[in-house]
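This report refers to the structure that appears directly beneath it.
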Amino acid sequence: MYRLEDLLKEVIGRGGSDLHLCSQSPPIMRLYGKLVKLDNRVSSPQEVSAMISGILTEEQKYELASKKNIDFAFEISIAGNSQRFRANVYYQRYGVDGVFRVIPSKIPSLGELNLPKALEVFTTVPEGLILITGSAGSGKTTTLSSILDMINSRHRLHIITIEDPVEFVIPIKQCLINQRQVGLHTRSFAAALRAAIREDPDIIVVGEMRDLETIQMAIIAAETGHCVFGTMHTAGAVKTIDRIIDSFNVDQQQQVRAMLSDSLRGVIGQQLLTRADGWGLIPAVEILLATRPVCNTIREGKTHQLSTIIQTGRAQGMQMMDDEILKLLQEGKIEAETAYEYAVEKKNFEPYLKKTGKMGY
């Protein structure tokens, strides 16, 4: 039988990001975006259940049994150092499975993440709403933590985070830090947001804006003079704005457009692409800044024009996702097939595929 601790150590040693423990399957890790078997021996449902049960508290076992899935974070010691993981455990037709995400022990800087220096502008925003968006596994939480760590090093502020679960443990430097976990320290994102407004914060961090009440409370918090950072599972700045507005009833949408145009300060859209040499991932980042033309466009319900504004706003620090993907391709950092896969306007990348002879991709 495998030991969960040994498997997690192997994932870290080989540079993997995730471990998948699946009944009736060998253990699998995600390495540079691809799934790789750690071994060929299939784990039985009983073995997987025993490995996962060994790290659960009695309360977590009860929650798993009643809800059939559970999110949590935990730590193990590796070479005398504490290593943190985010976990999701769930039932499927063969039994209990688990996915374990490696959380870096040190919060990396923007430079270490190969993120644009332009993101530093968000470390000095006194109030308003800043959104970091992308699919699951695109590095949103790491980017957010890097920005917060920079704020923590440079300013004396009160930061409250609301997460599910708490991933990066932010050390206290210049700032006062309070990290709250949904289900453990608060009932919900919205409830914690409502309370946070009365807890004298300068910055409120919403780990995930995934329902109407949370989105509504985040906008209200930003409007009342707080700096609010939030993440959303959306692809790009334009879709993020549309997603927020469409979350509300039609008769509320004009008011929301007005509120959002006043409170929004920026949107960061992020994807992680496989490097051309196959050794690692590299980010492609879209940046929308809430300039006057952007705010007017949102207020007037003309979000389809935002892409054009971003393209013409490069001098102000804005950038389009496809432009950044093209730049990575031209610099030889990614392959044409990767660029085509992640591009928004795929037809613009077809000429590069033709050169490789892989138009059937």
Side-chain angles (χ1 to χ4, degrees), residues 17 32-33 104 107-125 128-151 167-168 205-209 228-244 264-276 280-291 294 303 306-336 338-346 348-349:
S17 61
Y32 308 142
I107 299 176
S109 67
L110 294 179
E112 290 169 332
L113 293 170
N114 293 305
L115 291 168
K117 190 175 177 61
L119 295 186
E120 287 191 22
V121 70
F122 296 116
T123 67
T124 57
V125 175
L129 180 63
I130 301 162
L131 300 172
I132 303 177
T133 72
S135 61
S138 62
K140 298 185 298 296
T141 302
T142 307
T143 297
L144 175 55
S145 297
S146 182
I147 292 172
L148 292 176
D149 190 57
M150 190 174 295
I151 294 170
E167 295 190 32
F168 286 93
V205 180
V206 188
E208 190 175 343
M209 292 168 55
V228 179
F229 285 90
T231 72
M232 295 186 72
H233 288 284
T234 45
V238 178
K239 289 185 178 179
T240 299
I241 303 301
D242 287 339
R243 164 79 180 279
I244 290 173
L264 185 69
R265 296 295 174 265
V267 181
I268 303 165
Q270 184 168 316
Q271 298 188 89
L272 290 178
L273 285 59
T274 304
R275 301 181 68 100
L281 301 170
I282 189 166
V285 179
E286 181 170 276
I287 302 175
L288 168 72
L289 300 177
T291 59
V294 167
T303 53
L306 287 176
S307 295
T308 302
I309 296 175
I310 296 172
Q311 286 178 321
T312 58
R314 180 167 285 275
Q316 297 164 297
M318 291 194 264
Q319 56 190 49
M320 287 288 293
M321 177 61 71
D322 279 6
D323 291 343
E324 296 309 301
I325 292 175
L326 180 59
K327 180 182 176 183
L328 293 173
L329 176 60
Q330 292 174 336
E331 292 174 349
K333 294 179 180 178
I334 60 173
E335 299 285 358
T338 302
Y340 182 84
E341 178 183 356
Y342 286 92
V344 179
E345 297 294 337
K346 297 186 183 298
N348 295 335
F349 290 83

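Note that the structure is predicted; figures quoted are calculated from it, not measured. Only this structure's heavy atoms are used, side chains among them; waters, hydrogens and symmetry mates stay out.
No donor-acceptor distance shorter than 3.5 angstrom exists from the side chain of Lys333 to the backbone of Ala276, with no hydrogens or angles considered. For Ser138 (side chain) and Leu272 (main-chain N/O), no donor-acceptor pair under 3.5 Å exists by modelled atom type. Not a single donor-acceptor pair under 3.5 Å links the side chain of Thr303 to the backbone N or O of Val238.
Each side chain to side chain donor-acceptor pair (under 3.5 Å) pair with one or both residues in residues 312-323, not counting sequence neighbours, appears once here: Arg314-Glu324.
Shown here is Lys327, whose NZ atom has no more than 12 heavy atoms of other residues, nucleotides or ligands within 6.0 Å.
Of the options Ile132, Val125, Val205, a side-chain contact (heavy atoms from CB on, under 4.5 Å) to Ile147 is made by Ile132 and by none of the others. A side-chain contact (heavy atoms from CB on, under 4.5 Å) with Leu131 is found for exactly one of Val206, Ile244, Leu288, namely Ile244.
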*asked:* Under the criterion side chain to side chain donor-acceptor pair (under 3.5 Å), I'd like the reasoning laid out for Gln270 against Thr143: C-alpha separation, chi angles, the key distance, then a yes or no.
replied: CA-CA 9 Å; Gln270 184 168 316; Thr143 297; 2.7 Å; yes
*Leu289/Val294 under side-chain contact (heavy atoms from CB on, under 4.5 Å): CA gap, chis, key distance, verdict*: CA-CA 8 Å; Leu289 300 177; Val294 167; over 6 Å; no
_Could you walk me through whether Val344 and Met320 satisfy the side-chain contact (heavy atoms from CB on, under 4.5 Å) test, starting with their C-alpha distance in whole Å, then the side-chain angles of each, then the deciding distance to 0.1 Å, before giving a yes or no?_
CA-CA 10 Å; Val344 179; Met320 287 288 293; over 6 Å; no
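For the residue pair Phe349 and Ala339, the shortest heavy atom distance occurs at CD2-CB, 3.8 Å. Closest approach of Ala284 and Ile325 over heavy atoms only: CB-CG1, 3.9 Å. Contact detail for Pro108 and Thr142: the closest heavy-atom pair is CG-CG2, 3.7 Å. Nearest heavy atoms, Ser146 versus Leu113: CB-CD1, 3.9 Å. Here the shortest heavy-atom pairing between Gly33 and Leu281 reads N-CD2, 4.0 Å. Residues Thr133 and Lys140 share a closest heavy-atom pair of C-CD, 3.5 Å.
In this structure, Ser307 OG and Met321 CE are separated by 11.5 Å, a value rounded to the nearest 0.5 Å. In this structure, CD1 on Ile151 lies 4.0 Å from CZ on Phe229, to the nearest 0.5 angstrom. Annotation: the span from Ile310 atom CD1 to Thr291 atom OG1 amounts to 9.5 Å, rounded to 0.5 Å. Distance check, rounded to the nearest 0.5 Å: CG of Leu326 to CD1 of Ile334 gives 8.5 Å. Taking CE from Met232 and NZ from Lys239, the interatomic distance works out to 13.0 Å, rounded to the nearest 0.5 Å. Taken to the nearest 0.5 Å, the CD atom of Gln271 stands 9.0 Å off from the CD atom of Glu286.
Using a 4.5 Å heavy-atom threshold, the side chains of Leu328 and Thr338 count as separate. Contact of the Ile282 side chain with the Glu331 side chain is not registered, since no non-hydrogen atoms from C-beta on lie closer than 4.5 Å. Here the side chains of Ile268 and Phe122 are in contact, with some heavy-atom distance below 4.5 Å.
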